[in-house]
J.: 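Before I ask anything, here is the structure I am working with.
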Amino acid sequence: MSILTHHFNTKYNTAPFSKIKNDDFLPAFQKGIELAKSEIDAIVRNPIKPTFENTIEALAFSGDVLDRISSIFFNLNSAETSDEMQKIAQEVSPLLSEFGNDIRLNPDLFARVKTVYEQKEHLNLNPEQTTLLDKKYKSFSRNGANLPEDKKTQLREIDKELSKLSLQFGENVLAETHAFELHITDENDLAGLPEGTREAAHSLAKSQEKEGWVFTLDHPSYIPFVTYADNRELRKKMAIASGARAFQNNEFDNQEIVLKIAKLRFDRAQVLGYKTHSHFVLEERMAETPDKVISFSNDLLAKAKPAAEKEFDQLSAFAKELDGIEQLEKWDGAYYSEKLKQQLFSLDDEILKPYFQLEKVLDGAFTVAQKLYGITFEETFEIDKYHEDVKTYEVKDEDGQLVAVFYTDFFPRKGKRNGAWMTSFKSQYIKKGINERPHISNVCNFTPPIAAFEKSEAKPSLLTFNEVTTLFHEFGHGLHGMLANTNYPSLSGTSVYWDFVELPSQIMENWCYEPEALALFAYHYETGKMIPMELVHKIKESASFQEGMATMRQLSFGLLDMGWHGQDPSNIKDIKTFETEQFAATQLYPDVKENAMSTAFLHIFQGGYSSGYYSYKWAEVLDADAFEYFQEKGIFNKEVATKFKENILSKGGTEHPMILYKRFRGQEPKPEALLKRAGLL
């Protein structure tokens, strides 16, 4: 019996990471699938006629062992992978895809579900039970249960192939990210770079037993380089390397994979009777149809484009005046934007960073959550972790009851993918009167603390303001998971419509701009002095700096996503040509022939954002409108916070998001709040 297939004899039943070996995974998956199949068989073979309890509810709680194994394995594969784990993932993914199809295409199981579904008007179900029944029925009908056998077989083949391709896509991007480094030995090439960035690069070079400085495509190394390095040629080299990932006709090339994934998704939608993949996906979103997404995006684009073009002209003129730059290129954008921002607001990330020590910012997020929702975070050393960088916390309510276990993992390393995300090692649900509390994790890639060596002083991890908002953003997702309070695991926490899931995360970013909140954590790491109010005002003032360009960039990604998934992609032969067409309406910078976006667009080709990238902007409308309510009553107003917690955070996907939102806000969201905040009105 594998360690992974039974109750962990640990505090709060947390994952015993140090005892799990890679060899445990495959047998555990096989056993988990076997257990889940026997639970399904028991439902199907039940001689008693189908009821909500013996069919829908039984199905909702089946497969919990397999779910637990999957969450542990795939979370580790993102945060702590290895060649061996990637090999296991390639072996396991088709097994899981096959198992999923075994359930969704099981005619006897579907017959029972359908029987209950057809009586739903007479069952006297509460809203959560009604949602569960709808979702369970749709998980069959939307995945081929009503299809003839030959089409079911076709669907299985497509799903198997897709699960392999998306894994391969992600592995290629990771390999390409790690394959490039910029090794600098001439100190003059570091001109413009902040002290902390130089130290981190020197520290990395030392760890590789190299002289000088090493820069990589990992965000904490890449972003400061293209933002501050005076050497334009080296910025160009870095930017082109980043944009060329998996677009270099080598063994890690993703061009064919992108074309295959897009085509297979389209084929799948067609088999299921949908016009395109987007039509299939959006049926279960607040946006409902591709037309609505396109018109929402184009409306915003019409408002953002004049501002974006004006901002771009201003930036171009500034770069020309400052350095005689005739044509602003992509590798100039961050560099001159930072300089212009400094000139307009006398605001520089390097002035701000000393006030944003990682530990203090995290404590600040904890304090904001305590003031709003009455929960506390206490670090614990009794919970196993998968890497020494990870920290663990017990989250408790005002009565000292456990709310959640919270893991944080904040620094880049080999084997950890770029970016920032929230995930869960165990879902929240209520079974047999016991409220099982969730185990939630936030994973980011911030600049690590620098150890003292040679002449350098030790330095804690100091965040840019952008990283501060990233931490709050992921923590918002974390709260959505931690404060979950639903009966069924599949409706718990962040299991909501995809274009609603960013509301709890994006709303949290707003507190980073509020003097009252900054006063909780923005203290200079050396002097202990609070951030000066004039800097706080500048942060607030600069919040809408280049918002037109930022909006247009975000919309361009969403429109590219819809381009791949909102039509028959069979005629797309060349990725670069296709992207050029898709970006025509949103392009500001000249194109870079060596670069492509799609080949490293993890959100849509490996994450769950296909036909859903627009949801960042969609949720911004919600978050601006929701935060306006907090501002009207006070940003720590208990009444508004309780409404938000009870109607949004704790409810998960138990009801339609618009119903939940209106219950919180008393009305539908208005886009004016976003346009006002972005300075686009």
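All values reported here derive from a predicted model rather than from experimental measurement.
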J.: Side chains of Asn595 and Arg245: donor-acceptor distance under 3.5 Å anywhere?
T.: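 No, Arg245 and Asn595 have no side-chain donor paired with an acceptor closer than 3.5 Å.
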J.: Side-chain contact, heavy-atom cut-off 4.5 Å: Leu340 with Phe545?
T.: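 Heavy-atom side-chain distance check passes, below 4.5 Å.
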J.: Are Glu467 and His219 linked by a side-chain donor-acceptor pair shorter than 3.5 Å?
T.: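 No, no side-chain donor-acceptor pair sits under 3.5 Å.
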J.: Just by distance, no angles: are the side chains of Glu283 and Tyr274 close enough, under 3.5 Å, to form a donor-acceptor pair?
T.: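 Yes, a side-chain donor-acceptor pair sits under 3.5 Å.
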J.: State whether Lys633 and Glu639 are salt-bridged, where the test is any N-O pair (Lys NZ or Arg NE/NH1/NH2 against Asp/Glu carboxylate O) under 4.0 Å.
T.: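 Glu639 and Lys633: not salt-bridged.
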J.: Compute the centroid of each ring, for Trp498 and then for Tyr609, and state whether the two points are separated by less than 6.0 Å.
T.: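 Yes: the rings meet the under 6.0 Å criterion.
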J.: Tell me, yes or no, whether the heavy-atom count around Lys593 atom NZ, taken from other residues, nucleotides or ligands under 6.0 Å, exceeds 12.
T.: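 Atom NZ in Lys593 is not crowded, with 12 or fewer foreign heavy atoms closer than 6.0 Å.
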J.: Under a plain distance cut-off of 3.5 Å, with no hydrogens placed, do Thr423 and Asn75 share a side-chain donor-acceptor pair?
T.: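 Looking only at side-chain atoms, Thr423 and Asn75 do form a donor-acceptor pair, the distance falling under 3.5 Å.
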J.: Does Tyr513 have its ring centroid less than 6.0 Å away from the ring centroid of Phe465?
T.: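 Tyr513 vs Phe465: aromatic centres under 6.0 Å.
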J.: On a heavy-atom basis, which atom in Leu167 and which in Asn77 lie closest, and how many Å separate them?
T.: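 Smallest heavy-atom distance, with atoms named: CD2-ND2, 4.2 Å.
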J.: Given Glu620 and Lys617, is the salt bridge (charged side-chain N to carboxylate O under 4.0 Å, His left out) satisfied, shown in steps?
T.: CA-CA 5 Å; Glu620 268 189 58; Lys617 276 289 159 208; 2.9 Å; yes
J.: Run through Leu471, Leu479, Thr469 and flag the one making a side-chain contact (heavy atoms from CB on, under 4.5 Å) with Met508.
T.: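 Checked Leu471, Leu479, Thr469 against Met508; only one passes side-chain contact (heavy atoms from CB on, under 4.5 Å): Leu479.
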J.: When Asp625 is tested against each of Lys670, Lys662, Arg665 for salt bridge (Lys or Arg N to Asp or Glu O under 4.0 Å), which residue passes?
T.: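 Of Lys670, Lys662, Arg665, salt bridge (Lys or Arg N to Asp or Glu O under 4.0 Å) with Asp625 is met by Arg665 alone.
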J.: Kindly list each side-chain donor-acceptor pair under 3.5 angstrom involving residues 548-559, sequence neighbours excluded, with atom names and distances?
T.:
{"unit_1": "Thr551", "atom_1": "OG1", "unit_2": "Glu547", "atom_2": "O", "d": "2.8"}
{"unit_1": "Ser556", "atom_1": "OG", "unit_2": "Arg553", "atom_2": "O", "d": "2.6"}

J.: Within the 3.5 Å criterion, strictly below it, is a donor on His480 or Ser505 matched to an acceptor on the partner's side chain?
T.: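 Distance-only check fails for His480 and Ser505.
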J.: Go through the steps for Ser441 and Met422 under the test side chain to side chain contact (heavy atoms under 4.5 Å, CB included), then give the verdict.
T.: CA-CA 6 Å; Ser441 173; Met422 165 270 181; over 6 Å; no
J.: For a quick test of reading the model, state the closest non-hydrogen atom pair linking Ser424 to Ser71 and the distance between them.
T.: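 Heavy atoms only, the tightest pair is O-CB, 3.6 Å.
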J.: The test is side chain to side chain contact (heavy atoms under 4.5 Å, CB included); show your working for Asp159 and Leu155 and say whether it passes.
T.: CA-CA 6 Å; Asp159 286 345; Leu155 205 61; 4.3 Å; yes
J.: Using the side chain to side chain donor-acceptor pair (under 3.5 Å) rule, take Arg268 and Asn143 through it: C-alpha gap first, then chi angles, then the decisive distance, then the call.
T.: CA-CA 9 Å; Arg268 189 178 192 279; Asn143 285 293; 2.7 Å; yes
J.: Strictly by modelled atom types, are Thr276 and His279 linked by a side-chain donor-acceptor pair under 3.5 Å?
T.: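 There is such a pair (donor and acceptor under 3.5 Å, judged by atom type) between the side chains of Thr276 and His279.
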J.: For the residue pair Trp511 and Phe636, does the interplanar ring angle fall in the parallel (under 30°), tilted (30 to 60°) or perpendicular (over 60°) class?
T.: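 Ring orientation, 0 to 90° scale: tilted.
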J.: If you take the centroid of each ring, where Trp contributes its six-membered ring, are Tyr629 and Phe664 closer together than 6.0 Å?
T.: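 Phe664 vs Tyr629: aromatic centres under 6.0 Å.
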J.: So, Ser166 and Gln606: side-chain donor and acceptor under 3.5 Å apart, yes or no?
T.: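 The criterion, which ignores hydrogens and geometry beyond distance, is not satisfied for Gln606 and Ser166.
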J.: Answer yes if the side chains of Asp253 and Gln255 hold a donor-acceptor pair under 3.5 Å, and no otherwise.
T.: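 Yes - a donor-acceptor pair under 3.5 Å links their side chains.
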J.: So which heavy atom on Lys371 is nearest to which on Lys638, and how close?
T.: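 Looking at all heavy atoms of both residues, the shortest contact is O-NZ, 3.2 Å.
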J.: Considering only heavy atoms from C-beta outward, does the side chain of Leu282 approach that of Tyr614 to under 4.5 Å?
T.: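 Yes, their side chains come closer than 4.5 Å.
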J.: Do the charged groups of Glu655 and Arg663 touch, with an N to O distance under 4.0 Å?
T.: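 Answer for the salt bridge query: yes.
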J.: Decide whether Thr289 and Asp291 meet the rule of one side-chain donor and one side-chain acceptor closer than 3.5 Å.
T.: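 Short answer, no.
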J.: Determine, for Glu288 against Lys292, whether the closest basic-nitrogen to carboxylate-oxygen distance falls under 4.0 angstrom.
T.: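 Yes.
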J.: Between Lys263 and Asp568, does any side-chain N to carboxylate O distance fall below 4.0 Å?
T.: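 Salt bridge: no.
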J.: Will you find, in the side chains of Glu474 and Asn442, an N or O donor that is under 3.5 Å from an N or O acceptor?
T.: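 Result is no, nothing qualifies.
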J.: Using atom types as modelled, flag every donor-acceptor pair under 3.5 Å from a side chain in residues 560-567 to any protein atom, sequence neighbours excluded.
T.:
{"unit_1": "Asp561", "atom_1": "OD1", "unit_2": "His565", "atom_2": "ND1", "d": "2.9"}
{"unit_1": "Asp561", "atom_1": "OD1", "unit_2": "Ser611", "atom_2": "N", "d": "2.7"}
{"unit_1": "Asp561", "atom_1": "OD2", "unit_2": "Ser611", "atom_2": "N", "d": "3.0"}
{"unit_1": "Asp561", "atom_1": "OD2", "unit_2": "Gly612", "atom_2": "N", "d": "3.0"}
{"unit_1": "Asp561", "atom_1": "OD2", "unit_2": "Tyr613", "atom_2": "N", "d": "3.0"}
{"unit_1": "Trp564", "atom_1": "NE1", "unit_2": "Ser598", "atom_2": "OG", "d": "2.9"}
{"unit_1": "His565", "atom_1": "ND1", "unit_2": "Asp561", "atom_2": "O", "d": "3.1"}
{"unit_1": "His565", "atom_1": "NE2", "unit_2": "Arg265", "atom_2": "NH1", "d": "2.8"}
{"unit_1": "Gln567", "atom_1": "NE2", "unit_2": "Gly563", "atom_2": "O", "d": "2.9"}

J.: I want to check something: taking the side chain as every heavy atom from C-beta on, are Tyr429 and Thr486 in contact at a cut-off of under 4.5 Å?
T.: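 Tyr429 does not reach Thr486 side chain to side chain.
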J.: Is the NZ or CZ atom of Lys339 positioned over Tyr335's six-membered ring, under 6.0 angstrom from the centre and within 45° of the axis?
T.: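 Yes; both conditions hold, so Lys339 lies above the ring face of Tyr335.
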J.: With a cut-off of 6.0 Å (strictly less than), are more than 12 heavy atoms of other residues, nucleotides or ligands near CG of Asn466?
T.: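 For Asn466, atom CG is not crowded (no more than 12 foreign heavy atoms under 6.0 Å).
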J.: Answer whether the closest heavy-atom distance between the side chains of Met658 and Phe500 falls below 4.5 Å.
T.: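 Side-chain contact under 4.5 Å: no.
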J.: Would you find more than 12 non-hydrogen atoms of other residues, nucleotides or ligands less than 6.0 Å from Lys164 atom NZ?
T.: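 Incorrect, the count does not exceed 12.
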J.: Taking the side chain as C-beta and beyond, is there a heavy-atom pair between Tyr497 and Met286 under 4.5 Å?
T.: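 Of all side-chain heavy-atom pairs linking Met286 with Tyr497, at least one is under 4.5 Å.
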J.: With a 4.0 Å cut-off, would you call Asp349 and Lys341 a salt bridge?
T.: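 Between Lys341 and Asp349 there is no salt bridge, as every charged N stays at least 4.0 Å from the carboxylate O atoms.
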J.: Can you confirm whether the side chains of Ser337 and Gln546 place a donor and an acceptor under 3.5 Å from each other?
T.: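 Yes, Gln546 and Ser337 have a side-chain donor paired with an acceptor closer than 3.5 Å.
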J.: Distance only, no hydrogens: is a donor on one side chain within 3.5 Å (strictly under) of an acceptor on the other, for Asp623 and Asn510?
T.: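 The answer is yes; a qualifying pair exists.
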